[in-house]
Structures are given as structure tokens and as C-alpha cells.
There are 2 protein chains.
Amino acid sequence: MSAERATYRHGDLRQALVEAGIALAREGGPDAVVLREATRRAGVSPNAAYRHFADRADLVAAVSDSSQSLAAAAIEAELAAVPSAPGIERAEARLRAVGIGYLRFARDEPGLFRTAFSVPTDLDRAFSPERSGPGGGTPFGLLAGVLDELTASGALPAERRPAAEMLAWSAVHGFAMLVLEGPLRGLDPDMATAVGRRVVEMAIRGI
Amino acid sequence: MSAERATYRHGDLRQALVEAGIALAREGGPDAVVLREATRRAGVSPNAAYRHFADRADLVAAVSDSSQSLAAAAIEAELAAVPSAPGIERAEARLRAVGIGYLRFARDEPGLFRTAFSVPTDLDRAFSPERSGPGGGTPFGLLAGVLDELTASGALPAERRPAAEMLAWSAVHGFAMLVLEGPLRGLDPDMATAVGRRVVEMAIRGI
DNA sequence: GACGGGCGTGGACAGTGTACACATCCGCTC
DNA sequence: GAGCGGATGTGTACACTGTCCACGCCCGTC
């Protein structure tokens, strides 16, 4: 309904603020999303933001949402590159692609990555595997979709699925966090990529 | 050398500030460690902190260090409860204990947990398995020690050790982060504990 | 007993998030 | 078409933060 809200005086200030926020997050993570700076970049007074966001946290949440969409897009690109192959093999390749894409995004856009996952997300939203359409997906929805394929093909017993989902998710996310802002920070990026691939392989074996 | 620095006017202000910082971190994570509030609690003027820390980040780093020690203590407690058993079984039980202890600390002290791992750590320090003595260990050093046992007993081939270490670490840390400040935030604690155990089991299987 | 240097104080400044009161302009109703 | 109401943006203000600077104090040392 009325997606044509649009422009009043400024022309969709909300979107402009989110975009400024993304630029800030890109170079400094969630803490760099400074409300006043975002309004400055949008060419507007600080308080104007309060017509569109309850407070700074609300703005950051919106930026986080957009970042999740960007991450999902990166993963979808990786998925699209998976060659077709007979059933199970392909499903496993797709699972691998999700992990690799996730880590690739973390490496290429550390600021956005940290912002995307520094905020509690609506679980129903994040988990739902459908929600297609560009920019609409979330990384966890994509993982769920791939796991659906695996269970459907019988490669993953249904009763083990929940734990498998947690493991896959935890392993990849944990590795990314350790490298980005944890004790492993500063690990050489190529090295990190290589180790990341091994973590993905082992997680798949664990599943 | 000269650990007897101690007291000038205040009686080891540095330590007092770290303790105030820990209290703050406990209830609000790293962002809650605000320098002025710490000095306030220590009954001292804001600038006094600058005689002991270069800046706020330096104070947070010190608090993070202490938090890591507390985490290590929690894990050691868990390790101490592992019953003796024949070689390999015991080693595996110890591995499990490290994972459980790590997650337990994350659940019981979320603020300290996040503070402990929100800061880049000196890798050499964090990794070294020796560094015994109460308050001196780190969670990752303890994990390394247990893995040493596993390789020594032949249960874990030496060449697979590095990746195994990464997987164990990533899975457990990742799960904790997802629950504490990621999309899984708000998951029921008991539920989280149960799922956490399964993640630990699967990670062990993956190793 | 003087004194120099570690330790803490006081005051100040820029920058932040946010509340309150006000100005402006669009779209709707008559 | 006139006019009004409510959404949108502005200005001012306040409390709070991290950090800089100049100063005062008190201890151990010569």
C-alpha cells in the first residue's frame, strides 16, 4: 500500500539517511553510524532524522537490515555460480557456496558484515527461506533453503536438521567474528580465506 | 619487575579502575565501559585515568584482559569436574568440558563475555597453553592444551590439528555470539544451553 | 632539607544523542 | 479555488562523553 510515499521536501529522506548510514558502516562498523554525521551527509538538520527513526539504535537497525540484504546478494551470486550436477552433489556444492559466500562478504565488507549482525533480528524474517526477489533475502534464509534441499533429497535426516543448521551457522559466523573483531583480528586475509574454507569443509563433515 | 608499584595517593588506582570497568562491562558489555563513570566509581577525577591508560580503548583492553581470565577460570572449573577415565575418553570429555564451560560463561556473564572478545588479543599470549596459575590462563590457551592431549594420545592426527582448532573455536564462539548479540538474541537461555550442547557435540564429531 | 617527577585536579572544548518549541508546505476537504 | 491540518524539517538547548592543557601536591632521593 502506497509504496509511493516518497518525497516531501527532501525526496525520501529516510532512504537517504540509510544510505549515508551504510557508507559510514562500511568504513567503521556499527559504531561509526553516527546520527549527526548521517544527517550532515544528507544535507539536513540533525533532528530531521527523528521524523523517520525513533533514535540512533533504530537507524542502525535499518542499516543493519540493508547490510543483511547485501550479504544475501553476495551469497546469491556465489550460489548462481554453482554448476549443475546430480542431486546430492549439487546440494552439497550449494551448501559450500553459502559458507564461502558468507565468508567472502565478511572479508570484502567487514564493516557492513559487523553491522549486519550486531543487532537482534526478527527471527521469523531472518529464517524464512522464501522471501525471494533481489534485496529481500537474508543469509540465514538462504542457508535454510539449501538445508531444505538437503533434507528433501534425504541426505540430511529431518531430526538432525535443527542442530545441523546451528552448527553450520555457528561455525561460519564464529570464524568470521574471530577474524574480524576477535582475537584473530589482523590475520592475513588470504590466510583467513584458506582457513575459512577448511572450517566450511569441516562443518559440512560435521553435518 | 617491581610488581610492588602500588599505592601512591589512592592505593593502586589502575586496579580500581579496571575493577570499576569490569562492573560496568558486566551489566552492559564493552560499550558500557565509560571512562568517566569508572573514575567516578573509583572516587577520582576523570583525568586521573590518563595517568594509567592511554585512552578509553586502553582501559577497555585491560578490562577485556581481566574478563578473559575470568572466562578461563570458569572453564578450568568445568575441567576440574571431569572424572578420570582411560586415555582417549578422558581427553574427549575434557574437550567437551572446554566447550561447555565456554558457553556457560557466555550465558552467565554475557557482558563480560562480549567484552573479553571484542578486542584484538595478543595472539602469542592467547594461544600459549602453559601460563598456568590462577587468573593467568586464557580460554584459547586451555583449548590448545586439551588439543595437545588429543594429538599426543593419537586421537587427533597432527596435520589436522590446526583446522580442528579453528572449527572448535569457531563453532563455539560463533554460537555464543549469535545468541548474545546476533540474530538469535533473546533465545530462551535453557533452550540456548541445550542447543549449545548439541553444537559442541557436532563440532567434536567434525573434529 | 631542598627538589624533581610521578600522581591527581580543575577547567575547557568539540562532539554526540535527544527533547522542546516553532516554521513550513503538501494534500485534502468544503 | 480557499483554507486548514498534519506531516516534515529547523533552531535552540541540555546533559553527557572523551580528551587536552596548565597547574598543585606529595613522595622518595640526594
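When reading the values below, keep in mind they use all heavy atoms of this one structure, side chains included, and skip hydrogens, waters and symmetry mates. Sequence lines set the chain letters: A, B, ... in the order given, protein chains first and strands last, and positions in each chain run from 1.
Computed from coordinates, the Arg56(A) CZ to dT18(C) P distance equals 8 Å when rounded to whole Å. What separates CG of Asp58(B) from P of dG18(D) is a distance of 14 Å, to the nearest Å. dA13(D) atom C1' lies 14 Å from atom OH of Tyr50(A), rounded to whole Å. Separating the CD atom of Glu37(B) from the P atom of dT17(D) is a distance of 7 Å, rounded to the nearest angstrom. For the pair Leu17(A) CG and dG17(C) P, the interatomic distance rounds to 12 Å; values are reported in whole Å. Here dG8(C) presents its C1' atom at 15 Å from CG of Asp12(B), a figure rounded to the nearest Å. Phe53(A) has its CZ atom 15 Å from the C1' atom of dG17(C), to the nearest Å. Following rounding to the nearest Å, Leu35(A) (CG) and dT18(C) (C1') show an atom-to-atom distance of 9 Å.
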Would you list the atom pairs, donor with acceptor, under 3.5 Å between side chains in residues 22-33 of chain B and any protein atom, with sequence neighbours excluded?
from: Arg26(B); atom 1: NE; to: Glu109(B); atom 2: OE1; distance (Å): 3.2
from: Arg26(B); atom 1: NE; to: Glu109(B); atom 2: OE2; distance (Å): 3.1
from: Arg26(B); atom 1: NH2; to: Glu109(B); atom 2: OE2; distance (Å): 3.2

Please report, to 0.1 Å, the donor-acceptor pairs under 3.5 Å made by any side chain of residues 46-55 of chain A, with sequence neighbours excluded.
from: Asp55(A); atom 1: OD1; to: Ala57(A); atom 2: N; distance (Å): 3.4
from: Asp55(A); atom 1: OD1; to: Asp58(A); atom 2: N; distance (Å): 3.0

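Within 4.0 Å of Arg40(A), counting heavy atoms only, lie sugar-phosphate atoms of the nucleic acid but no base atom. Counting non-hydrogen atoms under 4.0 angstrom, Arg51(A) reaches a base of the nucleic acid.
Using cut-offs of 30° and 60° for the angle between ring planes, the Phe113(B) and Phe105(B) rings count as tilted. Ring geometry, Phe117(A) versus Phe140(A): the interplanar angle falls from 30° to 60°, so the pair is classed tilted.
Applying the 4.0 Å criterion to OP1 and OP2 of dA7(D), one finds that His52(A) has every side-chain N and O outside that range. In this structure, Arg36(A) does not reach the dA14(C) phosphate: none of its side-chain N or O atoms is under 4.0 Å from OP1 or OP2.
A salt bridge is defined here as a Lys NZ or Arg NE, NH1 or NH2 lying under 4.0 Å from an Asp or Glu carboxylate O, and Arg185(A) with Glu181(A) fails to meet this definition. Look at Arg40(A) and Glu37(A) and you find a salt bridge, because one of the NZ, NE, NH1 or NH2 atoms lies within 4.0 Å of a carboxylate O, short of that distance.
Listed in residue order, the members of residues 25-34 of chain B having a heavy atom less than 4.0 Å from DNA chain C come to none.
Of the candidates dG17(C), dT10(D), dT19(D), the closest approach to any side-chain atom of Pro46(B) belongs to dT19(D). Checking dG9(D), dA19(C), dT18(C) against the side-chain heavy atoms of Asn47(A) singles out dA19(C) as nearest.
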* To do: Please step through ring pair (Phe, Tyr, Trp, His ring centres under 6.0 Å) for the pair Phe175(A) and Tyr102(A), ending with a clear verdict.
  => CA-CA 11 Å; Phe175(A) 180 73; Tyr102(A) 196 88; over 10 Å; no
